[in-house]
Amino acid sequence: MERQDNKQIKIVGSGFYVPEKVLTNADLEKMVETSDEWITTRTGIKERRMASPEQATSDMTIEACRRALHNGNLEVEDIDLIIVGTSTPDTLFPSTACWVQKGLQADHIPAFDISAGCTGFLYGMILSRSLILNGGPRRILLAGSECLTKITNWKDRGTCVLFGDAAGAVILEKSEDDSGMLSHYWKADGKLGNLLFQPGGGSRNPATKETVDQDLHYLHMKGNEVFKHAVKRMGEAATVALKKAGLTPQNVDCLIPHQANIRIIKATGKRLNLPPEKVYSNIHRYGNVSVASIPISLHELKVGGQLQKGDIVVMVAFGAGFTWASVVYRW
Ligand code: COA
């Protein structure tokens, strides 16, 4: 187990952005053989947002970052590093974080991406903690952003009903009181990478007419396999992170699970014996927005006044890689 001490980092600003266009289950009924009833009962999703053709991941991220800065009463000059978690970068290189740096006119600071699927935001928090507490950047702008509709196969009903586009961002700095990140747990299992991946366009299958004809540039997923692993690993991650913080599920005031499927969300809450009112969900409004789901949930809870000072919040995610992680946070 990794060493953890009682020094903490905390969130001092947050914000998110979702595109205007709403794609409802009724819209999807016209595109593939599916029904509102199937999507609602199997996933909990009612609608999702869709970026416009000219909107890329960095465009959404820049807006989310501006809102997080405003929320934290901070200026771009107050930030020392930009990290963006994404699986749908504007370009394979440069990183989306560099496009965001350009958009924010943050010429004074470094910027890079994290690729850890839906777990990218929590990986980013864990990494930020080490950087900040070890004398690195004083303040980090951490975003999670995804334009999944751009890699969605709209003929594949097993995936096209699930995903949406969104960006969320937080600003992190060293905590001077007892609030902040208490513990974490992070893992990966690359052996299961091909259960959820984008096979084409990288150095394994460089983009050609054939890879496009074979739909390799789209997201591919074995949904029911992913489902089983997600439920098991999210329960495990939250339990271990709580233990590392010297807490038990009884201490938890709010669970923020990655919003992949309402059944995964409920099963994770159940594994921790939490009553449904302590388990946050907004999947009905956004679908699975991958790495953006936890920062959006955090911001909604914050502005909704649902988090009180001292509350124990557990964030937990699972995603492509496979990767999974949990962060225990005292509000
Ligand atoms: N509408 C109607 N029927 C659909 C459908 C759709 N959109 N998608 C799949 N089906 C059908 C399948 O073809 C299958 O039909 P069959 O029994 O005739 O073969 C049936 O529904 C059951 O398919 P299955 O894939 O076993 O369903 P499921 O209960 O596992 O639900 C998911 C599918 C994708 C909703 C679910 O597996 C899931 O959410 N997995 C996790 C995905 C995820 O979270 N990924 C990201 C991780 S971060």
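Whatever order the structure lists ligands and atoms in, that order sets their numbers, starting from 1. Hydrogens, waters and symmetry mates are skipped; everything else that's a heavy atom, side chains included, is used.
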Enumerated ligand 1 atoms positioned under 4.0 Å from heavy atoms of Thr43: 35 (C)
Please check if Leu131 and Trp186 belong to a single hydrophobic cluster, counting links between Ile, Leu, Val, Met, Phe, Trp and Tyr side chain heavy atoms closer than 4.5 Å. yes
Just need the protein heavy atom nearest to atom 28 (P) of ligand 1, so name the residue and atom and give the distance. Arg42 NH1, 3.5 Å
Contacting atoms of ligand 1, where contact means under 4.0 angstrom from a heavy atom of Phe318: 48 (S)
Tell me whether Leu142 is reachable from Ile109 by hopping between hydrophobic residues (I, L, V, M, F, W, Y) whose side-chain heavy atoms are closer than 4.5 Å. no
May I ask whether atom 1 (N) of ligand 1 is less than 4.0 Å from at least one protein heavy atom? yes
Would you check whether Gly158 reaches within less than 4.0 Å of ligand 1, judged by its heavy atoms? yes
If we count only non-hydrogen protein atoms and require a distance under 4.0 Å, does atom 20 (C) of ligand 1 qualify as touching the protein? no
Trp331: which residues meet the ring pair (Phe, Tyr, Trp, His ring centres under 6.0 Å) condition with it, sequence neighbours left out? Tyr329
Does a side chain donor of either Thr40 or Lys46 reach within less than 3.5 Å of an acceptor in the other side chain? yes
Is it the case that Thr211 and Asn205 place a side-chain donor and acceptor less than 3.5 Å from each other? no
Counting heavy atoms under 4.0 Å, the part of Asn288 that contacts ligand 1 is side chain
Residue, atom name and distance, where the atom is the protein heavy atom closest to atom 8 (N) of ligand 1: Trp38 CH2, 3.3 Å
Met31 reachable from Ile151 in the ILVMFWY side-chain graph, under 4.5 Å edges: yes
May I ask you to check whether Ser35 has an N/O atom sitting below 3.5 Å from an N/O atom of ligand 1? no
When distances are taken from atom 44 (O) of ligand 1, the protein heavy atom at minimum range is Ala260 CB, 3.2 Å
With sequence neighbours excluded, what pairs up with Phe163 under the ring pair (Phe, Tyr, Trp, His ring centres under 6.0 Å) test? none
The option among Arg157, Arg263, Glu29, Met234 carrying the non-hydrogen atom nearest to atom 7 (N) of ligand 1 is Arg157
How far is atom 30 (O) of ligand 1 from its nearest protein heavy atom, and which residue and atom is that? Asn224 CB, 3.5 Å
Give a yes or no on whether atom 38 (C) of ligand 1 lies under 4.0 Å from any heavy atom of the protein. yes
Specify whether the nearest protein heavy atom to atom 16 (P) of ligand 1 is under 4.0 angstrom away. no
Tyr185, Leu274: one ILVMFWY side-chain cluster at the under-4.5 Å cut-off? yes
Between Leu242 and Val314, is the side chain to side chain contact (heavy atoms under 4.5 Å, CB included) condition met? List the steps. CA-CA 8 Å; Leu242 275 166; Val314 176; 3.8 Å; yes
Checking side-chain polar atoms at under 3.5 Å, does Asn134 have a donor or acceptor matched by the opposite partner on Ser130? no
In terms of residue, atom name and distance, what is the protein heavy atom nearest to atom 47 (C) of ligand 1? Val226 CG1, 3.6 Å
I need the atoms of ligand 1 closer than 4.0 Å to a non-hydrogen atom of His258, numbered in the order shown. 48 (S)
Considering only heavy atoms, does Thr34 approach ligand 1 within less than 4.0 Å through its side chain, its backbone, both, or neither? both
The answer for which part of Asn261 has a heavy atom under 4.0 Å from ligand 1 is side chain
For the residue pair Ser281 / Gln259, report whether a side-chain donor-acceptor contact shorter than 3.5 Å exists. yes
Derivation of the side chain to side chain contact (heavy atoms under 4.5 Å, CB included) call for Val226 and Phe318: CA-CA 9 Å; Val226 176; Phe318 178 89; 4.1 Å; yes
What is the nearest protein non-hydrogen atom to atom 41 (C) of ligand 1, stated with its residue, atom name and distance? Gly223 O, 3.5 Å
Below 4.0 Å from ligand 1: does a non-hydrogen atom of Val161 turn up there or not? yes
Quick one: nearest non-hydrogen protein atom to atom 45 (N) of ligand 1, plus distance? Met221 SD, 3.1 Å
Applying the side chain to side chain donor-acceptor pair (under 3.5 Å) criterion to Ser14, which one of Arg67, Lys302, Glu300 satisfies it? Lys302
